[in-house]
Visitor: 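Got a structure here, written out as structure tokens. Questions coming.
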There are 2 protein chains.
Amino acid sequence: MPSPKLRENCADCPIRYRAVCAYCEPDELEVLERIKSYSEIASGQPIFFAGEPMTHVASVVTGAAVLSRTLEDGRRQINGVMLPSDFIGRPWRETIPFDVTAAGPVTLCRFERKAFEAILKETPHVSERLLSMTLDDLDAARDWAVVLGRMAARERIAAFLLFLSRRLGKPTPGNAQRITFSMPLTREAIADALGLTLETASRQMSALRRDGLIETEGRSTVIVPDLTALQDEAQDDADGSDIL
Amino acid sequence: MPSPKLRENCADCPIRYRAVCAYCEPDELEVLERIKSYSEIASGQPIFFAGEPMTHVASVVTGAAVLSRTLEDGRRQINGVMLPSDFIGRPWRETIPFDVTAAGPVTLCRFERKAFEAILKETPHVSERLLSMTLDDLDAARDWAVVLGRMAARERIAAFLLFLSRRLGKPTPGNAQRITFSMPLTREAIADALGLTLETASRQMSALRRDGLIETEGRSTVIVPDLTALQDEAQDDADGSDIL
DNA sequence: CGTAAATTTGAAATTAATCAAGATGGGTGG
DNA sequence: CCACCCATCTTGATTAATTTCAAATTTACG
């Protein structure tokens with residue numbers, strides 16, 4: 001595990017060119033650098049609770065967090081999987097709209113909300129980037145409605161694996177279509193993200209494995225031997241730009 | 001029907017204080033006024049097709065439009081119902097991500113995209129309002145995931161009627177809990193918005209009518225005799241601010 | 001290595017989809 | 001102005017998919 005010290009300098013940050021600071025010039029980075037603070041959250045721990053005051057906003061640096069809402073009778077829907085470079089929280093809003101939970105160990109780059117709002121007003125490169133990211137997130141959330149509203153269980157799992165392949169996957173040297181990634185969510189969380197039960201999620205993972213669309217090693221490593229085959233299962237005709 | 005002339009002046013516009021221009025000062029409105037143009041679309045007509053160049057962005061002034069995506073085998077998901085004051089399109093994007101269709105007669109206040117982008121850069125009141133609206137839309141899209149992922153057919157219908165009640169409903173004089181609105185979507189469109197079949201949508205509407213949660217007059221008028229009863233059906237504990 | 005959590009698998013029950021007629025109502029032309 | 005017609009909506013019966021209930025099995029970790 002790398003020392004936290006490695007991340008103190010924005011220039012060395014792994015999400016430097018994808019996060020909300022992506023468009024910043026070196027002098028603008030310094031302004032952000034002054035108010036940022038890192039926060040390490042252990043697996044499964046809550047980061048924010050829905051309804052509480054939004055004191056901070058943050059970028060995910062490493063790990064995965066989930067946004068979720070739970071109905072009174074316990075049904076839970078995960079409505080966002082936040083991966084490195086994703087932005088959590090909203091300026092100008094007083095309260096958090098969703099529960100935010102660490103799906104595994106998470107590192108956040110946090111900003112006190114009021115201070116971040118001040119920067120937004122003064123730094124067009126930050127507000128432009130935030131608008132752009134928010135519009136992308138909105139498109140992605142609307143794309144996800146197709147998965148939840150119209151796709152069968154097998155297709156939902158395929159679509160989710162495709163999403164993770166694109167965001168987390170590393171191609172095998174010499175075979176760009178063979179992708180490996182580490183699954184950041186449990187079966188229960190996958191089910192909650194896809195509007196399924198954990199049994200159905202497990203069964204469909206097994207089915208995709210039986211059919212050769214994925215391979216697994218241990219609990220977390222997933223290998224997609226042929227990304228195009230997975231795209232076909234997920235009814236995904238696009239190049240991936242639509243999911244970001 | 002009011003003459004289109006009535007809308008030529010932004011100051012008289014029905015969505016003046018809710019649309020993307022809400023924060024504008026009179027002098028800023030003039031800048032928008034110079035590049036706007038109204039467009040009337042007949043019921044059922046396409047407004048934009050997914051994938052085509054985004055030449056314009058627009059605000060819905062009257063009527064209702066839907067954003068949708070259709071899979072190759074014909075399954076369709078409506079992933080946004082755009083009502084008066086909602087903003088359609090995204091600055092900086094070259095192509096439209098979804099099909100946009102008039103659910104009934106629609107009036108749009110359109111802006112040539114490039115010209116609108118120029119205004120965004122020069123007018124913080126417009127870009128701030130657009131960011132705020134986009135963040136609200138994102139929260140609403142994520143709230144909708146709970147409906148699509150975790151709610152039973154009856155709850156989905158109730159949640160949708162609640163959404164329309166809040167956006168379109170007029171309270172009965174003397175009884176603020178008794179709401180009337182005009183349903184802008186066909187049963188098929190309701191089904192496509194909720195991830196159901198039109199038969200299931202129809203059956204659940206009938207069930208809610210039988211159970212006294214709604215009344216109907218003709219094909220389009222819906223009356224909600226008691227909004228709180230509908231909220232209970234929709235598992236909605238909030239005050240509606242979360243859906244906007 | 002033992003253990004508890006996570007996952008897999010099986011069988012029965014339930015919900016919604018599909019297949020199939022009818023009924024309703026808004027609009028139009030006689 | 002009214003009757004007819006077509007699109008839309010409703011309702012019914014059957015089928016298919018997913019959930020629910022219930023054990024086994026595996027895996028990561030102390």
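Values reported hereafter were calculated over all heavy atoms of this structure, with side chains retained and with hydrogens, waters and symmetry mates removed.
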Visitor: Please enumerate all protein N or O atoms sitting under 3.5 Å from an N or O of nucleotides 24-27 of chain C, with distances to 0.1 Å.
Guide:
unit_1	atom_1	unit_2	atom_2	d
C/dG26	OP1	B/R219	N	2.9

Visitor: May I ask you to say what A/T197 touches in the nucleic acid, namely base, sugar-phosphate or nothing, with a heavy-atom cut-off under 4.0 Å?
Guide: base
Visitor: Whether A/R18 and A/D86 form a salt bridge (side-chain N of Lys/Arg under 4.0 Å from carboxylate O of Asp/Glu) is what I want to check.
Guide: no
Visitor: Rounding to an integer number of Å, can you tell me how far A/R75 CZ sits from D/dT20 C1'?
Guide: 15 Å
Visitor: Please state how far atom CG in A/L185 lies from atom C1' in C/dA5, giving the value in whole angstrom units.
Guide: 16 Å
Visitor: Quick check: do B/L161 and B/F181 have side-chain heavy atoms less than 4.5 Å from each other?
Guide: yes
Visitor: Any side-chain heavy atom of B/R90 within less than 4.5 Å of one from B/V57?
Guide: no
Visitor: Is a salt bridge present between B/D192 and B/R69, judged by a nitrogen-to-oxygen distance below 4.0 Å?
Guide: no
Visitor: Once you round it to whole Å, what is the distance between P of D/dA23 and CG of A/L198?
Guide: 17 Å
Visitor: When you check the gap from the basic side-chain N to the acidic O, do B/R76 and B/D99 get nearer than 4.0 Å?
Guide: no
Visitor: Any pair with a residue in residues 41-55 of chain B that passes side-chain hydrogen bond (donor to acceptor under 3.5 Å, both in side chains), sequence neighbours left out, goes on the list, sorted by first then second residue, please.
Guide: none
Visitor: Within a strict 4.5 Å, meaning less than it, do heavy atoms of the A/L108 and A/V61 side chains meet?
Guide: no
Visitor: Round to a whole Å and report the spacing from CG of A/D192 to C1' of D/dT19.
Guide: 14 Å
Visitor: Let me know the distance between CG of B/L194 and P of C/dT15, rounded to the nearest Å.
Guide: 18 Å
Visitor: What residues from residues 199-209 of chain A pass a heavy-atom cutoff of under 4.0 Å to DNA chain C?
Guide: A/E199, A/S202, A/R203, A/S206, A/R209
Visitor: Estimate the overall bend of the helix from C/dC1-D/dG30 to C/dG30-D/dC1 from the end axes over five pairs each, rounded to 10 degrees.
Guide: 40°
Visitor: Would you kindly give the CD-to-P distance between A/E155 and D/dA16, to the nearest whole Å?
Guide: 18 Å
Visitor: Contact class for A/G195 (heavy atom, under 4.0 Å): base, sugar-phosphate, or nothing?
Guide: sugar-phosphate
Visitor: Given atom CG of A/D73 and atom P of D/dT20, what is their separation to the nearest angstrom?
Guide: 10 Å
Visitor: Using whole Å, report how far CD1 of A/I157 lies from P of C/dT7.
Guide: 12 Å
Visitor: Shortest non-hydrogen contact from A/M151 to A/R156?
Guide: O-NE, 2.8 Å
Visitor: Return a table of donor-acceptor pairs under 3.5 angstrom between the side chains of residues 217-229 of chain B and protein atoms on other chains or two or more places apart.
Guide:
unit_1	atom_1	unit_2	atom_2	d
B/D226	OD1	B/T228	N	3.2
B/D226	OD1	B/T228	OG1	2.7
B/D226	OD2	B/T228	OG1	3.3

Visitor: If the condition is ring-ring contact (aromatic ring centres under 6.0 Å, His included), which residues does A/F87 pass it with, not counting sequence neighbours?
Guide: A/F116
Visitor: Taking the side chain as C-beta and beyond, is there a heavy-atom pair between B/R154 and B/L213 under 4.5 Å?
Guide: yes
